[in-house]
S.K.: 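Dropping the structure in here first, questions after.
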Amino acid sequence: MAEGIKKYIQPHLAGFSGYSASTSPDVLKGKVEVSITDIIKMNANENPYGCSPRVQKAFAECDHFNIYPDDGQLVLRRLLSGYTKMPVERIVAGHGSNTIIDTIVRLFVGPGDEVINNVPTFDIYRFSTQICGGTLININRDEDFAIDLAKIKKAINSKTRLIFLASPNNPTGNVTPQEDILELVKTGLPVVVDEAYYEFSGETVMPWAEKYVNLIVLRSFSKWAGLAGLRVGYGVFPADIVPYMMAIKIPHNVSVAAEIAVRESLADIKYLEGRVEAIVKERSRLYDALQQISWIKPYPSKANFIYCAVLKGSASELHQMLQKKGFLVRYFDNPLLKNSIRISVGKPEHTDALIQVLQQI
Ligand SMILES: Cc1ncc(COP(=O)(O)O)c(C=O)c1O
């Protein structure tokens with residue numbers, strides 16, 4: 001057979017390792033001891049309560065799924081402005097905050113440019129930087145996963161284009177104190193504070209986005225509003241950056257369905273806030289229960305998941321064993337996240353069932 005087209009692939013992408021997404025129950029048929037519908041999914045920080053019931057009702061009534069969504073996102077941005085209290089002109093929405101991250105990287109980073117990343121952290125910052133040919137400058141967090149300001153400042157040079165910070169951080173769950181974020185902002189470089197889990201932490205620097213010309217704050221509807229499957233995220237940007245973001249984003253990047261879902265979620269905010277409260281309450285109960293297990297060390301979390309060091313045995317085997325029994329958790333075993341798992345907070349009955357299995361080990 002003639003030689004294929006592989007040789008034309010961008011050289012820097014030839015050995016690229018993609019994002020490793022969480023296991024979906026669909027692929028586990030026949031591999032687990034429970035039926036697929038009984039699987040308890042605690043591996044992607046999704047909302048166990050689902051979305052607002054108003055969303056499904058509005059979908060059934062929608063008569064314009066055949067029409068492209070407004071590329072300028074006018075109605076959507078107005079809705080987000082009402083929720084965030086930030087001006088419409090500062091907001092850009094996307095197909096999940098992942099794609100906002102990707103667009104930001106495409107706007108600021110080219111081959112040879114550097115991006116400061118506070119590791120361990122959410123892998124999309126690496127993913128997008130490397131796809132754009134940028135160089136990732138990984139700055140290790142300390143043993144409690146706090147960022148290292150001195151090392152970050154030392155790493156800054158004329159090639160630095162962006163600083164990424166997730167707060168709360170994924171997968172470790174801790175927030176970065178506001179005074180430390182201010183130190184990052186004072187560098188004058190574009191600083192992206194990713195607050196995908198804000199609604200569970202209650203801590204935000206979003207109001208600063210109006211004051212500082214180099215601060216970008218990202219949020220998501222995936223977690224608190226239970227819309228992970230519909231993909232809606234957004235960012236609040238310095239005023240002069242928004243036109244560039246709007247110009248380079250993929251056209252129609254938020255679907256009609258996602259826009260309806262945002263509208264209905266915000267109209268049902270009390271209901272959704274009640275679910276967030278339930279998850280925050282459950283986070284504390286799960287943490288306390290995990291602390292009672294001698295071979296697990298849970299880390300305090302302000303998000304909707306708990307990171308745990310596995311002190312005895314292998315996290316990989318634990319993950320496999322839990323999976324067989326129908327519990328999906330995320331596991332890690334690398335130099336920065338040694339022998340550990342991350343458990344998304346579920347409903348009380350999910351906590352009870354998981355803890356019962358862990359206690360029997
Ligand atoms: C820190 C962080 N940022 C962004 C995202 C992406 O969220 P979205 O579903 O809006 O793309 C996640 C998802 O896990 C995350 O953990």
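This chain uses plain numbering: 1 for the first residue, then up along the sequence. Just so it is clear, the structure is predicted and the values come from calculations on it, not from any experiment. Both counts, for ligands and for their atoms, begin at 1 and track the order of listing. Atom set for the values below is all heavy atoms of this structure, side chains included, hydrogens, waters and symmetry mates excluded.
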S.K.: For Ala196, counting its heavy atoms only, list the atoms of ligand 1 lying under 4.0 Å from any of them.
M.R.: 2 (C), 3 (N), 4 (C)
S.K.: With atoms numbered from 1 as shown, which atoms in ligand 1 lie under 4.0 angstrom from a non-hydrogen atom of Lys223?
M.R.: 13 (C), 14 (O)
S.K.: Is it the case that Arg342 places NZ or CZ above or below the six-membered ring of Phe305, under 6.0 angstrom from the centre and within 45 degrees of the axis?
M.R.: yes
S.K.: Would you say the ring centroid of Phe127 lies under 6.0 angstrom from that of Phe16?
M.R.: yes
S.K.: Indicate, with yes or no, if the rings of Phe237 and Tyr244 have centres closer together than 6.0 Å.
M.R.: no
S.K.: Quick one: are the ring centres of Tyr271 and Trp224 less than 6.0 Å apart?
M.R.: no
S.K.: Measure Asp194 to ligand 1 on non-hydrogen atoms and call it side chain, backbone, both or neither using the 4.0 Å cut-off.
M.R.: side chain
S.K.: Can you list the atoms of ligand 1 that are under 4.0 Å from a heavy atom of Ser222?
M.R.: 8 (P), 9 (O), 10 (O)
S.K.: Checking Asn339 now: which residues fulfil side chain to side chain donor-acceptor pair (under 3.5 Å) with it, not counting sequence neighbours?
M.R.: none
S.K.: Please report whether ligand 1 has a polar contact with Asn98, defined as an N or O pair separated by less than 3.5 Å (distance criterion only).
M.R.: yes
S.K.: Show the atoms of ligand 1 that are less than 4.0 angstrom away from any heavy atom in Arg231.
M.R.: 8 (P), 9 (O), 11 (O)
S.K.: Let me check something: do Val92 and Val236 share a hydrophobic cluster, defined by ILVMFWY side-chain heavy atoms less than 4.5 Å apart, either directly or through other members?
M.R.: no
S.K.: Give a yes/no verdict on a cation-pi contact between Arg219 and Tyr198, requiring under 6.0 Å between NZ or CZ and the six-membered ring centre and an angle within 45° of the axis.
M.R.: yes
S.K.: Among all protein heavy atoms, pick the one closest to atom 12 (C) of ligand 1 and tell me residue, atom and distance.
M.R.: Phe122 CZ, 3.3 Å
S.K.: Need the ligand 1 atom indices (1-based, order shown) with element for anything under 4.0 Å from a heavy-atom of Tyr197.
M.R.: 1 (C), 13 (C), 14 (O), 15 (C), 16 (O)
S.K.: Specify the protein heavy atom at minimum distance from atom 7 (O) of ligand 1: its residue, its atom name, and the distance to 0.1 Å.
M.R.: Ser97 OG, 3.2 Å
